[in-house]
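Note sheet for the following structure.
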Amino acid sequence: SELLSLRHATSNTVLDLECLAANDGTTGNIIKFRGKGANGVSYHASQIKGITENGANNAGFLSFWTNSAGTVAERLRITSTGNVGINKTNPTTQLWVQATTDDNPGITLYRQSTGGDIASLTWQTGSGTQAKINYRGAGGASEGLQFYTGGGTSSELRMLINPAGLVGINSTSPSSN
């Protein structure tokens, strides 16, 4: 059953949370999510914060917090400039992924099927694709890790590392490593 329901028939439904404290870079609004453990004790599961940024008017960040083993910590932040930090509270680039310990931070690109183009990373400007790294899956032509420069079409494929570890430079059928 619903405890709170907001509805409006003719326009956007707005939930307006306003913090009346002075903008000091630490004040704002928090939505907390709580749960009850198997022992019946209430715990802080997660939260979302909207906070004024650096005490400036008309600038703020949004952060997402989760509870891991009893410690609630910030896991993701979107700054007022649109930068996104995962485990980073002051991302200085559009996307910053930081490991929480001294392990290898990673990004996984996943697709259920194994044929055709599986995943790619593309460098693009207003003029179009400049470079691309692509993985082509099982059974396809040019199967393996593909490197493109000067664009992302088949004629701009510059290097291929196939699943056997053979390397082809300007060749889609490598025969040596």
Side-chain angles (χ1 to χ4, degrees), residues 25 28 30-33 35 37 43-54 56 59-177:
I30 302 171
I31 300 171
K32 288 187 177 184
F33 301 89
Y43 67 95
H44 184 171
S46 58
Q47 65 189 26
I48 301 171
K49 289 184 175 185
I51 304 294
T52 58
E53 195 168 72
N54 301 323
F61 67 82
L62 189 62
S63 62
F64 296 81
W65 299 58
T66 63
N67 185 335
S68 177
T71 300
V72 178
E74 184 174 340
R75 307 293 182 202
L76 181 126
R77 180 178 293 207
I78 304 170
T79 68
S80 63
T81 59
N83 291 347
V84 176
I86 299 174
N87 295 318
K88 180 71 174 171
T89 60
N90 59 342
T92 55
T93 58
Q94 287 81 13
L95 178 61
W96 185 305
V97 179
Q98 181 168 312
T100 55
T101 61
D102 196 20
D103 59 2
N104 294 331
I107 297 174
T108 299
L109 304 174
Y110 177 82
R111 184 179 123 175
Q112 185 68 34
S113 64
T114 59
D117 292 330
I118 304 296
S120 64
L121 180 60
T122 303
W123 288 261
Q124 191 161 345
T125 67
S127 299
T129 299
Q130 303 301 310
K132 179 168 85 171
I133 300 173
N134 183 63
Y135 185 80
R136 177 157 296 163
S142 304
E143 178 183 0
L145 191 59
Q146 305 169 328
F147 295 84
Y148 297 79
T149 60
T153 66
S154 59
S155 65
E156 293 143 343
L157 177 58
R158 307 296 187 223
M159 184 172 82
L160 171 73
I161 304 172
N162 74 13
L166 302 178
V167 177
I169 297 177
N170 293 320
S171 169
T172 59
S173 302
S175 58
S176 61
N177 52 3

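What you see below is based on every heavy atom in this structure, not just the backbone, and it leaves out hydrogens, waters and symmetry mates. The structure displayed is predicted, hence computed values, not measured ones.
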Using 0.5 Å steps for rounding, measure from the [atom1] atom of [X] to the [atom2] atom of [Y].
{"X": "Q146", "Y": "K132", "atom1": "CD", "atom2": "NZ", "result": "7.5 Å"}
{"X": "I161", "Y": "E143", "atom1": "CD1", "atom2": "CD", "result": "13.5 Å"}
{"X": "I51", "Y": "I30", "atom1": "CD1", "atom2": "CD1", "result": "5.5 Å"}
{"X": "H44", "Y": "T71", "atom1": "NE2", "atom2": "OG1", "result": "12.0 Å"}
{"X": "L76", "Y": "W65", "atom1": "CG", "atom2": "CH2", "result": "12.0 Å"}
{"X": "F61", "Y": "N83", "atom1": "CZ", "atom2": "CG", "result": "13.5 Å"}

Min side-chain heavy-atom separation [X]-[Y] under 4.5 Å:
{"X": "I48", "Y": "L62", "value": "yes"}
{"X": "Y135", "Y": "L121", "value": "no"}
{"X": "R75", "Y": "F64", "value": "no"}

Closest contact, heavy atoms only, [X] versus [Y]:
{"X": "P174", "Y": "G168", "value": "CB-N, 3.3 Å"}
{"X": "A99", "Y": "P105", "value": "N-CB, 3.8 Å"}
{"X": "G144", "Y": "P163", "value": "CA-CD, 4.2 Å"}
{"X": "L157", "Y": "S142", "value": "CD2-OG, 4.2 Å"}
{"X": "T89", "Y": "P91", "value": "C-CD, 3.5 Å"}
{"X": "L109", "Y": "S120", "value": "CD1-O, 4.1 Å"}

Taking [X] for the side chain and [Y] for the main chain, is one N or O donor matched with an acceptor at less than 3.5 Å?
{"X": "Q130", "Y": "G128", "result": "yes"}
{"X": "T129", "Y": "A131", "result": "no"}
{"X": "N87", "Y": "Q98", "result": "yes"}
{"X": "K88", "Y": "W96", "result": "no"}
{"X": "T125", "Y": "S127", "result": "yes"}

Legend entry - All pairs passing salt bridge (charged side-chain N to carboxylate O under 4.0 Å, His left out) where residues 108-130 contributes a residue, at least two apart: D117-R136
Inset, instruction - Please list all pairs passing the side chain to side chain donor-acceptor pair (under 3.5 Å) test where one or both residues lie in residues 154-168, with sequence neighbours left out. - result: T149-R158, T153-S155, T153-E156
Inset, instruction - Determine, step by step, whether L145 and I133 satisfy the side chain to side chain contact (heavy atoms under 4.5 Å, CB included) criterion, reporting the C-alpha distance in whole Å, the side-chain angles of both residues, the deciding distance to 0.1 Å, and the verdict. - result: CA-CA 7 Å; L145 191 59; I133 300 173; 3.7 Å; yes
